[in-house]
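A, B, ... follow the sequence lines: proteins, then strands. Residue 1 opens every chain.
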Number of protein chains: 2
Amino acid sequence: MVTIKDVAKLAGVSIATVSRVLNGYAHVRPEVREAVNKAIDSLGYRRNGLASSFRTQQSNIVGVLLRQQRTPFSSALAYAIETTMFDQSYRVLLCSTNGDADREEAYLETMLDMRVQGVIIRPSGTNARTVKQVKLLQERGISVAFVDMKPKIPAISSVVCDNFSGGYQGMRHLIELGHRKIGIVAGSVAQRGGSQDVGSERVRGIRQAAQDLATDVEIIFSPPFESASFDVGRETGAAMITGNPGMTAVFGTTDMLAIGVMHAAHSLGLELPRDLSILGYDGVLESAVTFPTLSTIAQPIHEMGQIAAMTLIDHMTSTSKSPRQVVLENTLIARASTIPLAD
Amino acid sequence: MVTIKDVAKLAGVSIATVSRVLNGYAHVRPEVREAVNKAIDSLGYRRNGLASSFRTQQSNIVGVLLRQQRTPFSSALAYAIETTMFDQSYRVLLCSTNGDADREEAYLETMLDMRVQGVIIRPSGTNARTVKQVKLLQERGISVAFVDMKPKIPAISSVVCDNFSGGYQGMRHLIELGHRKIGIVAGSVAQRGGSQDVGSERVRGIRQAAQDLATDVEIIFSPPFESASFDVGRETGAAMITGNPGMTAVFGTTDMLAIGVMHAAHSLGLELPRDLSILGYDGVLESAVTFPTLSTIAQPIHEMGQIAAMTLIDHMTSTSKSPRQVVLENTLIARASTIPLAD
DNA sequence: GCTTGTATTGAAAACGTTTACAAGATAGCG
DNA sequence: CGCTATCTTGTAAACGTTTTCAATACAAGC
C-alpha cells in the first residue's frame, strides 16, 4: 500500500508538505503543489482514511437512528438524508432499532466508538432513556438533530411538520365536503395526548377543526392500538364501519391505516368513494396506487430529510451550536377517495 | 478521554496486558484479568474504535451497495442485511447509488478508504464497470457478494432466486386457471434476454411454461420500457387492455407493474378480478394491500438478505474464499386477483 | 541442582496521518 | 545594507492501539 511517505519521497518533499497539499492548506508554493499532485497521481496514492480519522479523532460519518426501516415513510426519509449527506461528502451509518432498546443502545455505542460527527434521530417517543442517550452524545461533542419529533429538551435541533395544522386541514376538507359523522383512526398515544407526539398533534388539530368549523360534527374515535399498520387499519376500520351506520367519512392518521380502512370497506361490500370517503396522512408513494387513489395530508418527507441533514451539518461545521427548530407545512392532496357527501 | 494507559496505570499492569484482556487473549493470570476489568469498569473505559481500526487496518463495517433504496423490495432487502449483520456485530454502510455511476464510484472509494471488510452488491447489470470495480475490491482483499443477480464472474458468491422457475410457476398458475390469452408486462432488457438479468429469467420461464403446458396459449408482450414502476405499469397496462379485447389475464414481472395494470383496469371500468386476472412478482408488502389483493410470485426477500449477509461473513472470517452460489425458490401466493376463467 | 519448556508480563516499535514548532528563505522597508 | 515580517518547508512528536520480542518466573524432569 502506497503511503504519504512514498509520495513525499517521489516528490522530493517532506510528508508534512504532502499532508498540506492533501488538505488544501495555504503556504505551499504552486510548483511544489504541482509536483506533489503529480506524485500522487503517478503512484495512485489514496489517503488512508483510517489513519486520518484516527489522528483527527473524527470520521466523516453520521449516524441515522430510525426505529423502523421497512415502512415507506422511514425509507423515504432515510433516502433523503443519505443522498443529502452524500452530496456534502458525509457518509451514513444506518441504524434500524426496530423499537428494540438493546439494539438502540448497541448502536449508540457503535456511534461513540466510531466517533461519528453527528447523529440524526427519529425517536420513538421522548422517554427518559432517549434523553439520557442524547445527553451522552452531546457531552462527547457529537451534534444531534431530531426529525419528525419536537424534542422536549430545548437544546436539540429538530425538523418536524406542523401536524396540528395537518390534522386541522384534513378535518376541514372533510367538513367542507359536507361530512358530519366522521371516524378517526388514531393510535393510543395520540388519543391520550402526550403532546410532543406527532400523532397527538394531529388529533389535536382534528378536534380543533371540528370545534371551529361546524357545530354538528360527530367524531368517532377508534379504540386505541399500538402500531399504525395496514392490518390494524383493516380491523379497526371494519369494526367502525359496522358499528356506526351513519358514518360517511374516515380519517386515518397514517396512510397505511387509511388503506387498511379502505380494504375493510371493500370487504364489507361498500362502494368507494360513494359510500365512504377516506382520508389518509403522510403522502407516501403507496397512497397514489390504491383504488380509489387516496386523498391524503402529504408530508414533505424528502424535504424533511434534506433539512435535517443540512441542519446537522451546520451544527457540525459551525462553532455556534445554537439549536434550530424547523417546522414544515403539510399539504392536502385531494385525490379520488374523498368526495362531497351526497344528500 | 480515558485511554488504555489510564487503565494500565490503575490496574498496575502494562498496556500490553490491558490489550490482551480487551481482546480476550490467553496467557493472562485470572487475578490480573480481574484487576484490569475492575479498572476498566471504574474508569468507564471504552476502547477507542478509531485507534483500533487504524492499527489493525480494518473496521467492522460492511458496505451495502444498492442501486435504489426507496422501492419496497430494496428497503426490505437492506433491512434484512442490516439486522443480520448487526447480530454478528458488523455495522452497515448503506449506499444507494440510484443508478448514478459517479455516485457508485464515490461510494466504492469511500469503502476502500474506510477499509470495509466486505461488500454486498445488488448490481444494476453485469457491465464492464461493475466487473472492474469488483476486481479492484477483491485485489484489496475485500470480500464481495452479489444479491439478486448471478454474477458472470465465477469468483463471486451470490444469492438469487430461481426466477426462471418463478416465471414458470406464474404462467402455470394462469394456464391452470384456464387463461389462454395472457399479457406479459416486462421491461426491455428482460424481453431482449440478457440472460443473467432476473427479469430475463422470468420471461424465459414464462415462455417455457407456455410451450410446455398448453398448445393454444397466446402471449402478448408489452412494448419494452426501462423502469419497472407503477406509472409504467398503468400506462402499458391501459394500452394492452384496450388493444387486446380477448385478453383475460396479465402477468407483471414486478408487483408495482402489476398494481399499475390493476389501476389501468379500474380506470377503464373493468371489474376485478372478474374481467381480468392479474398476477404480480416479488411478494412485496404492498401487494397484500391492493384491491383485490394481488396474487404474486413471492420472493423470500428477508431470507435473501440474511443468506447474503451470512455468506459474506463466511468469506470474511474463514480463510477459504471459495465462492458459493445460493439459489432460493420463489413461491406462488394465490390471492384474490387471479380467478378461474369464466366460460 | 541444573536444564528445559511453558506461562506470564512488559518494553517498545509500529501503523499513517496531522500538526506544533522551529528554521530557513524571501521580500519589504527604512 | 540591515532589520523585521511573512512565506515556505522540514523535523519530530503525537494520537491509542496492537503486536513482536525479550525477559522473567515457575514448574517439570532428570
**Prompt:** Between A/Phe54 and A/Arg115, is there a cation-pi geometry (under 6.0 Å to ring centre, at most 45° from the normal)?
**Reply:** no

**Prompt:** What is the distance, rounded to the nearest whole Å, between atom NE2 of A/His27 and atom C1' of C/dC21?
**Reply:** 14 Å

**Message:** Under a plain distance cut-off of 3.5 Å, with no hydrogens placed, do A/Arg55 and A/Asn48 share a side-chain donor-acceptor pair?
**Reply:** no

**Message:** Has B/Arg122 got a side-chain atom pairing as donor or acceptor with B/Met149's backbone, closer than 3.5 angstrom?
**Reply:** no

**Per-nucleotide protein contact string for nucleotides 12-24 of chain D, where B marks a base within reach and S marks sugar-phosphate only (heavy atoms under 4.0 Å, - for neither)** = --BBBBBB-----

**Asked** Rounded to the nearest 0.5 Å, what separation is found between the CZ atom of B/Arg20 and the NE2 atom of B/His27?
**Response** 9.5 Å

**Message:** Nearest 0.5 Å, please: how far is CD1 in A/Ile121 from CE in A/Met111?
**Reply:** 7.0 Å

